[in-house]
Each structure stands twice: as C-alpha cells, then as structure tokens.
Amino acid sequence: KEAETQQKLSNVVILATGGTIAGAGASAANSATYQAAKVGIEQLIAGIPELSQVANVRGEQVMQIASESITNENLLQLGRRVAELADSKDVDGIVITHGTDTLEETAYFLNLVEKTDKPIVVVGSMRPGTAMSADGMLNLYNAVSVAGNKSSRGKGVLVTMNDEIQSGRDVSKMINIKTEAFKSPWGPLGMVVEGKSYWFRLPAKRHTMDSEFDIKNIKSLPDVEIAYGYGNVSDTAYKALAQGGAKAIIHAGTGNGSVSSRVVPALQELRKNGVQIIRSSHVNAGGFVLRNAEQPDDKYDWVVAHDLNPQKARILAMVALTKTQDSKELQRMFWEY
Ligand SMILES: NC(=O)C[C@H](N)C(=O)O
C-alpha cells in the first residue's frame with residue numbers, strides 16, 4: 001500500500017541555498033536575531049515528516065549562504081542545476097529554499113531562463129526554525145505541495161510565502177519584520193491551504209517556455225549596477241559605477257523613475273559612451289514608470305523598467321544584455337517580461 005501511494009505521488013527535488021529558512025538562533029525568543037544558512041537540507045526535511053504525504057521528496061544542498069551574498073555566479077550555478085533537474089524524467093517539480101533578501105531576484109531570474117513547464121517554487125522564511133512560531137516549516141510544506149501539483153505547471157516560477165502563491169516575476173519583499181513579508185503590486189496568483197492549491201489568476205508576462213532566454217546559452221552575466229535617486233543626489237555614484245565597468249545602470253528613481261536635474265547631464269554622457277540607462281522606481285508599493293514621462297527617453301535613448309523594481313530590473317537587464325546591445329530591443333524586452 002505504501003509503495004502504491006509513493007508511486008502516485010510526484011517526485012519533488014528541494015535545492016537548498018541557505019537563508020533564514022535554514023537559520024538558527026540562540027533561543028526560541030530570537031525571532032529576528034539569529035544566523036542564517038546554518039541548517040542542512042536533510043535536517044530541514046527530517047523536521048517535516050508530513051512532506052512524505054504530499055510528494056516523494058529528496059534534497060540537495062547547492063550552497064549554504066545568506067541571500068544578500070548571492071552572486072551572479074551563484075545564480076548561474078543554481079539556474080543550471082534547475083535546468084538539469086527539469087530535463088530529468090523522474091523529476092516532476094523543483095523547490096528552492098532561499099534567503100528572503102534576494103529571493104525575488106532569483107525567482108525572477110529563473111522565471112526568465114528556465115525552459116520548462118514543470119513547477120519551480122522558491123521559498124524562504126522570515127523566522128529561523130529555532131524561533132517560536134517559525135514560518136519556514138509551513139512555507140516549505142506549501143512549496144512542496146505546490147511543486148508536486150500538476151495544476152502549477154506552465155505558470156512560471158512561483159513563490160510560496162504566508163499561504164500565498166505568488167508569481168516570481170511580480171513578488172517582492174515589502175517588509176522585513178513580519179511573516180506577511182512578500183507582496184505583489186498585482187496580487188497573488190492563488191492560495192495554498194493544507195496542501196491544496198487554489199488559483200485565481202495567471203501571469204500575463206512572458207516566462208519559462210515562452211521566454212527567448214535559455215540558461216543553457218548563458219555563459220556569464222554582464223555587470224549591471226543600481227544607483228539610488230533622492231533629494232540632493234549627486235552624479236558621483238553613477239559615474240563611478242560606469243567607470244567600474246557597468247554595462248547598464250539601473251536608476252532607482254523617485255516616483256515615476258524621475259531623474260534629478262543634477263544627474264541628467266551625467267546620464268546623457270554615459271549613454272553616449274555606450275552605457276545603457278534604465279529608469280525604474282524605488283517607490284515602496286510598486287513603481288510604474290512610463291516612457292517619456294518625467295524624462296524624454298526617446299531623445300536620450302534611455303530605457304524604462306515599467307513596473308519592475310530596481311533589483312528586478314537589474315536581473316532582466318543582465319539577461320537581456322546577453323542577447324542584445326540595442327536599446328530598442330532592450331525596451332521591447334522590458335515591456336514583454
Ligand atoms: N529572512 C531571510 O532569509 C533573510 C536573510 N538575510 C537571507 O536573505 O538570507
């Protein structure tokens with residue numbers, strides 16, 4: 001009987017990368033003071049025996065780091081392993097445990113470059129497993145349930161946090177002290193409750209199978225940097241980033257990606273020298289940057305990131321620059337993905 005249930009269950013691989021979901025604190029009262037990336041994947045899986053009721057699960061420790069330290073090399077390494085597993089006949093779904101600080105970046109990266117319709121679910125936690133009311137156990141159980149569920153196929157990379165199923169493209173960490181930390185400006189795709197998925201909407205942007213990018217063709221990622229807009233800003237950071245070798249600079253602008261008059265001449269100059277200038281917005285609940293609003297993008301040959309926040313814009317710019325150096329093509333990609 002047990003063998004029969006196992007046969008019916010999906011095969012889900014958990015790729016562990018670290019983060020607070022693998023964190024440990026000195027006492028159960030330490031919900032915010034702890035060390036991330038301490039607990040191995042085998043121990044995490046052993047702590048949730050209920051996983052075996054929703055999928056045949058196995059784990060792999062791909063890295064063990066706090067996600068603020070993720071590099072482009074780490075992204076590529078993870079992306080390649082996901083692609084290998086997705087190609088494997090005996091894998092039905094993939095879960096990635098990840099720190100929440102850059103989870104939204106990794107989820108968007110995978111959403112762009114993985115050529116599969118198999119579910120890929122990225123998950124983290126806001127409290128370490130050693131804390132009272134730790135959220136990692138349920139988040140991971142939900143992630144495995146969603147990854148093992150056929151209804152999750154073809155919906156792009158997903159994120160399960162706080163019982164919500166979010167699109168990896170849209171979701172962002174909005175607050176760092178609550179378990180209700182991840183939000184999308186356009187709402188979650190669905191809910192996962194007691195291992196069952198309930199869907200309400202679908203992503204409209206190109207992803208995975210419908211994407212023109214493929215991790216298998218990406219050897220390295222170009223340097224793309226972010227500079228922050230605020231009152232009294234100077235052009236020092238922008239110039240220094242370009243001098244450091246940035247191929248594109250994401251302007252994390254105020255409001256509609258607006259650019260201070262003190263910075264405009266430097267950005268015009270950098271563009272003339274070949275650096276792509278991409279205007280995004282750092283407003284908290286989600287920016288919405290439109291072309292030729294606030295700045296004459298056509299005249300300056302700049303690109304707008306539309307609703308992508310600066311850190312997500314960096315991901316798309318890096319991936320896009322592996323294919324084109326043309327600003328019009330870049331802009332098309334920023335509308336489509
Ligand atoms: N909640 C977390 O996971 C935060 C941690 N600094 C990380 O991103 O690895």
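Each ligand, and each atom within it, is numbered from 1 in the order the structure gives.
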Does the pair [X]/[Y] count as a salt bridge with the N-to-O cut at 4.0 Å?
X	Y	result
R332	E336	yes
E212	R206	yes
K216	D87	yes
D235	R262	no

What protein heavy atom is closest to [atom], reported as residue, atom name and distance in Å?
atom	answer
atom 1 (N) of ligand 1	T100 OG1, 2.6 Å
atom 5 (C) of ligand 1	T20 OG1, 3.5 Å
atom 9 (O) of ligand 1	S67 N, 2.8 Å

*So, is the end of the K155 side chain (NZ or CZ) under 6.0 Å from the ring centre of W199 and within 45° of the ring's axis?*
yes

Which of the numbered atoms in ligand 1 are below 4.0 angstrom from a heavy atom of [X]?
X	result
A66	9 (O)
G99	3 (O), 7 (C), 8 (O), 9 (O)
G19	9 (O)

*Give a yes/no on ligand 1: does S125 have at least one heavy atom closer than 4.0 angstrom to it?*
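Under 4.0 Å: yes for S125.
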
*asked:* Heavy atoms only: which of E68, Q35, H98, M126 lies closest to atom 7 (C) of ligand 1?
replied: E68

*Check the side chains of T179 and D135 for a donor-acceptor pair under 3.5 angstrom, ignoring hydrogens and angles.*
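Side-chain D/A pair, D135 to T179: absent.
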
